[in-house]
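Below, read A as the first sequence line, B as the second, and so on, with proteins coming before strands; counting in each chain starts at 1.
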Amino acid sequence: MNALEIHGLSAGYGGQPIVRDIRLTVGTGEIVALLGANGAGKTTTLRAASGVLRHSGKLHLDGQDISGVSAARRVALGLAHVPQGRGTFVDFSVEENLRLGAYSVTSAQRIQDDTAYWFGVFPRLKERRAQLAGSLSGGEQQMLAIARAMMTRPKVLMCDEPSLGLAPAVTADLFVLLRDLAADRGTGILIVEQNAHLTLEIAARAYVLEHGEIAIEGSAATLSRNSEIQRAYLGIEA
Amino acid sequence: MTLILQQLVEGLASGTIYAALAVALVMIHRATRIVNFAQGEMATFCVYLAWQMTVWGLPLYVALAIAAVLSFILGAAVFRLAIRPILSAPPEAIVVSCIGLFIGFQAMSLWLWGSDNLQFPRLFSNTIWTIADVRISANTAGMLVTLALLAGLLAAMFRFTRIGLAMRAAAAEREKSPYVGIEVETMLTLGWGLAAVFGFIAAVLAAPSLFLSPTMMLSVIIYALAAATLGGWDSPAGAIVGGLVVGVAETLGTTLVKAIGAELRLAIPFLLITLILFVRPQGLFGRSGTTRV
Ligand SMILES: Nc1ncnc2c1ncn2[C@@H]1O[C@H](COP(=O)(O)OP(=O)(O)OP(=O)(O)O)[C@@H](O)[C@H]1O
Ligand SMILES: [Mg+2]
């Protein structure tokens with residue numbers, strides 16, 4: 001069973017459709033890339049999937065139909081989303097951001113354990129636990145956004161351009177982290193990236209969006225090898 | 001000196017009323033960017049409900065507790081029915097709606113209970129203590145303790161509880177809150193309910209001295225608006241300090257500047273506020289850059 005299944009998803013703004021008939025799956029522990037040019041509709045797709053944007057179509061999370069479920073409920077059911085840009089609550093401390101991430105978690109013990117766990121993974125966040133998230137560096141904020149999203153122990157994590165504004169070395173660390181999350185915890189990861197080259201290295205499969213529709217899908221290996229696809233859709237000069 | 005201390009104490013007493021109402025205004029503004037002019041009239045309506053219950057024979061404190069719960073429900077209902085549908089409307093439309101609520105609640109109080117000034121029972125005993133020649137009534141002390149307790153509870157709730165954190169998050173980051181599973185509208189509804197309780201408490205503290213009438217809170221809301229502006233529109237702590245400062249400025253100013261007299265009482269705190277806002281436009285506790293007009 002797939003962790004996330006999306007069928008015939010359409011969404012837009014103000015009655016104007018932006019993405020149409022998206023069909024996409026993410027397996028348990030699988031990393032899937034969603035690629036495409038600026039304005040192709042990647043962010044719109046993720047926002048619809050997480051329910052903050054009205055949409056038509058069907059979504060299943062671990063086999064459960066979540067199509068009619070509110071955005072907040074979807075989080076509780078195990079669909080996490082790190083939105084594009086600052087995914088943190090800037091006026092709240094690092095610790096409060098993690099508490100917010102755990103909003104739908106009822107066990108105080110689990111919140112405590114997970115906070116300790118993520119402070120272990122990111123010692124920099126631990127040092128800055130009382131500091132406002134807005135005062136962290138871009139990289140630290142992205143770490144916090146991911147830790148925050150992981151507090152629910154989600155089945156699927158959607159990341160919208162996590163590498164945006166990060167130095168290459170920090171991006172590399174981040175991708176290693178995502179790969180480990182998928183491998184060790186079985187979290188399905190749907191990652192939107194401009195950096196197609198790097199993303200295809202950690203992803204198993206990829207979808208390419210063009211003008212709001214899925215134009216190509218295939219294994220990451222196939223997409224990396226096909227230089228024509230790379231030039232036409234991904235802006236990579238082979 | 002004694003006179004000044006005496007005025008200070010009396011100023012603090014009326015300041016608690018302004019502070020409680022200002023907290024209500026600030027909570028609502030912080031969450032929904034709305035200045036709810038009708039807060040005082042909603043509160044007055046609920047004090048009438050409490051008064052009616054005492055007339056029917058309920059003990060005062062039971063009536064107050066029930067009316068506080070009703071205030072919460074009223075505040076939540078006003079948000080759901082009148083405010084939520086127009087949350088994304090232009091600010092002007094919301095101002096008009098709040099004026100509508102103001103007139104509506106005042107009219108309802110007038111229709112149900114008439115325009116006579118009603119005697120509202122005292123909340124605290126008549127005891128007066130004299131400390132270093134300054135008279136402190138149990139009433140004043142009771143009001144200050146009530147405010148301190150409520151402020152402490154509110155601060156603890158916002159800081160330490162899950163629901164308080166979620167309310168703050170929904171207020172500060174309406175867009176991002178759903179991403180962590182917070183139902184924003186539920187939190188805003190709770191915020192409006194809680195604010196209405198604070199407004200109710202302000203009106204209950206005011207009623208024994210101002211006498212209960214449909215327009216009782218008119219001057220109070222003006223002072224509370226001043227207090228919120230002084231403290232900063234996004235800071236409940238600022239609202240409390242602002243309320244106390246306005247109360248003290250009102251009584252002290254009137255005493256110190258005898259020539260001004262009672263007629264210009266209302267003007268003194270505003271003069272002070274204008275001066276302070278020259279220096280800190282965002283208010284004493286407000287964050288710069290977030291002030292919106
Ligand atoms: N809030 C909005 N209101 C109206 N149109 C929008 C809104 N957000 C995005 N759009 C439009 O939808 C289209 C797709 O935007 P989207 O943000 O999904 O693209 P994207 O693939 O994520 O691009 P990028 O790589 O630049 O982040 C764009 O044409 C954009 O102008
Ligand atoms: Mg985008």
Side-chain angles (χ1 to χ4, degrees), chain A residues 14 46-54 69-93 95-108 111 130 132-134 141 144-154 157-160, chain B residues 26-27 29-33 80 84-85 87-90 154-191 231-238 282-283 285-292:
Chain A
L46 291 199
R47 283 167 53 81
S50 65
V52 295
L53 194 63
R54 281 257 294 274
V69 166
S70 78
R73 261 316 276 154
R74 289 182 197 191
V75 176
L77 290 173
L79 181 62
H81 186 169
V82 177
Q84 188 169 358
R86 284 178 174 179
T88 55
F89 291 71
V90 291
D91 287 337
F92 293 71
S93 73
E95 211 158 16
E96 284 176 329
N97 267 272
L98 295 183
R99 274 174 65 202
L100 281 167
Y103 176 70
S104 55
V105 180
T106 42
S107 155
I111 296 174
L132 294 188
Q141 286 201 39
L144 179 58
I146 288 174
R148 185 224 84 204
M150 290 303 296
M151 288 297 285
T152 54
R153 302 189 185 171
L157 173 68
M158 303 190 290
C159 289
D160 198 342
Chain B
V26 164
M27 279 176 64
H29 183 265
R30 195 163 75 148
T32 47
R33 298 279 150 205
R80 296 303 270 204
R84 187 179 61 158
L87 255 190
S88 49
L154 190 70
M157 189 201 74
F158 277 139
R159 219 179 143 70
F160 300 116
T161 70
R162 170 175 171 273
I163 209 89
L165 183 67
M167 284 174 71
R168 272 166 57 211
E173 305 262 16
R174 205 184 291 175
E175 309 258 286
K176 284 178 196 162
S177 293
Y179 291 122
V180 295
I182 294 170
E183 302 274 10
V184 173
E185 288 191 345
T186 307
M187 294 304 142
L188 298 186
T189 307
L190 289 180
W233 276 98
D234 49 11
S235 164
Q282 71 273 34
F285 290 72
R287 290 167 8 112
S288 54
T290 58
T291 326
R292 284 171 225 189

(message) Using a 3.5 Å distance criterion without hydrogens, assess whether the side chain of A:R73 forms a donor-acceptor pair with backbone atoms of B:E183.
(response) no
Does any heavy atom of chain B fall under 4.5 Å from the side chain of [X], the backbone, both, or neither of them?
| X | answer |
| --- | --- |
| A:T152 | neither |
| A:V90 | both |
| A:F89 | both |

Rounding to 0.5 Å, atoms CG (A:L100) and CD (B:E173) come to a distance of 9.5 Å
Interatomic distance, OH@B:Y179 vs CZ@A:R74, rounded to 0.5 Å, equals 11.5 Å
Note: A:R99 and B:T161 closest approach over all heavy atoms is NH2-O, 3.5 Å
What one should report as the nearest heavy-atom pair of B:P178 and A:V52 is CB-CG1, 3.9 Å
Under 4.5 Å to a heavy atom of chain A? For B:A169 that would be both
**Asked** Any side-chain heavy atom of B:L165 sitting closer than 4.5 Å to one from A:F92?
**Response** yes
